2 protein chains.
Amino acid sequence: MSSMKSLTSRQSEILSFISEVISNEGMPPTRKEIALKFGFKSANSAEEHLKALVKKGYIDLRCGTSRGISIKKSFSGIPIVGSVAAGSPLLAVENVEERIEFNGNIFSDSVDYFLRVKGDSMQEVGIVEGDLIAINKRREVKPGDIVVARINDDVTVKTLFYLDKKKVVLRPENKNYEDIEIDPSIERFDIEGKCLGVLRNYN
Amino acid sequence: MSSMKSLTSRQSEILSFISEVISNEGMPPTRKEIALKFGFKSANSAEEHLKALVKKGYIDLRCGTSRGISIKKSFSGIPIVGSVAAGSPLLAVENVEERIEFNGNIFSDSVDYFLRVKGDSMQEVGIVEGDLIAINKRREVKPGDIVVARINDDVTVKTLFYLDKKKVVLRPENKNYEDIEIDPSIERFDIEGKCLGVLRNYN
DNA sequence: TTTCATACTGGACATTTATACAGTATAAGA
DNA sequence: TCTTATACTGTATAAATGTCCAGTATGAAA
C-alpha cells in the first residue's frame with residue numbers, strides 16, 4: 001500500500017475517467033468509449049493504458065467480458081482521514097486510515113474525504129467523537145458553514161462565525177469552549193474545506 | 001409513483017438480479033448472463049423480460065450498448081421514511097418521502113430504510129431533528145441498541161434499556177425526558193428494527 | 001371466443017467489444 | 001548505447017452482445 005507504483009498523468013486521467021463513468025453511467029466504459037473521450041483514433045490506445053493500470057495494480061480486467069473493468073478496492077472509494085500529523089497535508093498517505101465505498105447523491109456536493117472527529121467541541125450540533133464528517137475541499141466558505149481549518153499546524157473543525165482579511169472567528173458548538181479568534185496576517189490560517197454532512201456507524 | 005404497474009414474480013426476480021449484479025460486479029448483466037442465472041436456454045427470454053420491465057417503467061435500456069441496463073432512480077435506492085401515519089407499516093407508500101442512492105460498506109448491516117428523526121429526545125448521543133437514521137429491520141435487539149419501536153400506534157426511536165416478556169424500558173437520550181416503561185402483555189409493542197447509524201446532510 | 005400478456009425455445013445476424021499484432025515516435029534508465 | 005516504458009495509429013478478427021423473427025404454451029381479460 002505504501003509503495004504504490006506511480007501513474008503517469010495520462011494513466012491517472014484514464015483511471016479517473018473510468019471511475020467517473022462507473023458512477024455516472026452505472027457501468028465501466030468500453031475501450032472504444034475511452035478512446036472517444038481522449039480522442040484516440042484506435043481503441044488499442046485505451047487497451048494499452050488499461051494493461052498499464054493492471055500491471056501497476058490499480059484495476060482488474062475480466063478477460064472476454066465487455067466492460068469488464070473493476071477498480072481495485074484499495075484505490076477506489078473515499079479516504080477517511082484520521083489523526084492529522086502536524087503540518088502534513090490532510091490527504092497524505094500517513095493520515096488516511098481507511099477508504100470506504102460510497103456512491104450516492106446523499107450530500108449536496110462531492111465528498112473529497114471523510115474526517116474522523118476528535119473531541120466534543122461540536123457536540124451541541126450533533127457532531128460527536130468518532131463521527132465521520134464529509135468534507136468538500138474548497139477555500140470559499142461563508143459564515144454559518146461548518147469548516148475544516150488549519151491554524152498554524154493544527155487542523156480543527158468549527159463553525160465559521162466571522163471572516164475578513166484581518167480577523168477570523170471560529171465558534172465551537174459547546175458552551176464549555178470559547179470562540180477562537182485569529183489574525184490571518186499574523187498566524188498561518190487556511191480553510192481546508194467545508195463540512196457537507198455527518199456519517200456515524202454504531203457497532 | 002403511487003399507481004405503479006405491478007411486476008410478475010418472474011419480472012421481480014429479474015429486477016432483483018440486475019440490482020444484485022450491479023452492486024456485486026460493478027456492472028449490469030448481459031442477456032446471456034441473465035439467461036444463465038435463471039436457466040433460460042435462450043437469451044431472448046431475458047430480452048423479453050427486460051422489455052417488460054422497460055414497458056412497466058422499472059428500467060431503461062440503452063440500445064446497441066452492451067450491459068446497457070439502468071434501474072430507474074425512482075425504484076432503486078433506499079427509501080426515506082418521513083412521518084409515519086398512525087398504525088401504518090413504516091414502508092407504506094404514503095410514508096416514503098424520497099429515495100436515495102446509497103451503495104457502500106458503510107454500515108455494519110444492510111440498510112432497509114432511513115428514518116427521518118423528529119424531536120430532540122436523542123440529542124445527547126448526537127441524533128438531532130432532521131437526521132436520517134439507517135435502520136435494519138429485525139426483531140432481535142439487545143440492551144444498549146438504539147431501536148425503532150412501535151408502542152400501540154406510535155413509532156419511536158430510543159435506546160433499549162431493558163427487555164423481557166413482562167417489561168420493556170426505552171430510554172431517551174435527553175435529561176429532559178423520562179424512561180418509557182411498557183408492559184407488552186398489556187400494550188401493543190413491537191421492535192421494528194435497529195439503528196445502524198446516522199446520516200446528516202447540511203445545506 | 002378472440003385477444004393480449006406472460007414465459008419460454010431456437011435461430012439468425014449485425015454490431016459491439018476485447019484483444020492481438022505490426023508499426024511510429026519520444027523520453028527515461030541502465 | 002541499447003533497452004524499456006510510454007503513447008499513440010492502423011488493421012484484423014474471434015467472441016460477446018443486442019436484438020429481431022418465428023414458434024409453442026398458458027392463463028387472464030375483453
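A, B, ... follow the sequence lines: proteins, then strands. Residue 1 opens every chain. Keep in mind the model is a prediction, meaning the values are calculated, not measured.
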For this session: Kindly say whether, by distance alone, the side chain of B:Ser42 makes a donor-acceptor pair under 3.5 Å with the base of C:dG10?
Result: yes

For this session: Please confirm whether any donor atom in the side chain of B:Glu48 sits under 3.5 Å from an acceptor in the base of C:dC8, or the reverse.
Result: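 Answer yes: a donor N or O sits under 3.5 Å from an acceptor.
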
Can you check the [X] [atom1] to [N] [atom2] distance for me, whole Å?
X: A:Glu33; N: C:dT15; atom1: CD; atom2: P; result: 18 Å
X: B:Leu36; N: D:dT17; atom1: CG; atom2: C1'; result: 14 Å
X: A:Lys32; N: C:dT19; atom1: NZ; atom2: C1'; result: 15 Å
X: B:Glu47; N: C:dC13; atom1: CD; atom2: P; result: 18 Å
X: B:Ile18; N: D:dG18; atom1: CD1; atom2: P; result: 11 Å
X: B:Ile69; N: D:dT19; atom1: CD1; atom2: C1'; result: 13 Å
X: B:Leu61; N: C:dT15; atom1: CG; atom2: P; result: 19 Å
X: A:Leu50; N: D:dA7; atom1: CG; atom2: P; result: 13 Å

Exercise. Taking the nucleotide of DNA chain D with the closest heavy atom to each, which residue, A:Lys55 or A:Arg10, is nearer the 5' end?
Worked result: A:Lys55

For this session: Return the 5'-most residue of the pair B:Gly68, B:Asn44 with respect to DNA chain D, ranking by each residue's nearest nucleotide.
Result: B:Gly68

Phosphate contact ([N] OP1 or OP2) by [X] side-chain N/O below 4.0 Å:
X: B:His49; N: C:dT6; value: no
X: A:Arg67; N: C:dT17; value: yes
X: B:Lys51; N: C:dA5; value: no
X: B:Gln11; N: C:dA7; value: yes
X: A:Arg31; N: C:dA18; value: yes
X: B:Lys56; N: C:dT6; value: yes
X: A:Thr8; N: D:dA7; value: yes
X: B:Ser66; N: C:dT15; value: no

Determine, for [X] against [Y], whether the closest basic-nitrogen to carboxylate-oxygen distance falls under 4.0 angstrom.
X: B:Glu47; Y: B:Lys51; answer: yes
X: B:Lys194; Y: B:Asp109; answer: no
X: B:Arg200; Y: B:Asp131; answer: yes
X: B:Arg188; Y: B:Asp153; answer: yes

Problem set entry | Shortest non-hydrogen contact between B:Leu163 and B:Val141, atoms and distance | CD2-O, 4.2 Å

Exercise. Contact class for A:Lys41 vs. all strands (heavy atom < 4.0 Å): base, sugar-phosphate, or nothing?
Worked result: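 Sugar-phosphate, backbone atoms only, no base.
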
Exercise. Do A:His49 and A:Phe40 have their ring centres less than 6.0 Å from each other?
Worked result: yes

Problem set entry | Residue whose nearest DNA chain C nucleotide is more 5′ - B:Gly39 or B:Thr65 |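 It is B:Gly39, whose closest nucleotide lies nearer the 5' terminus.
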
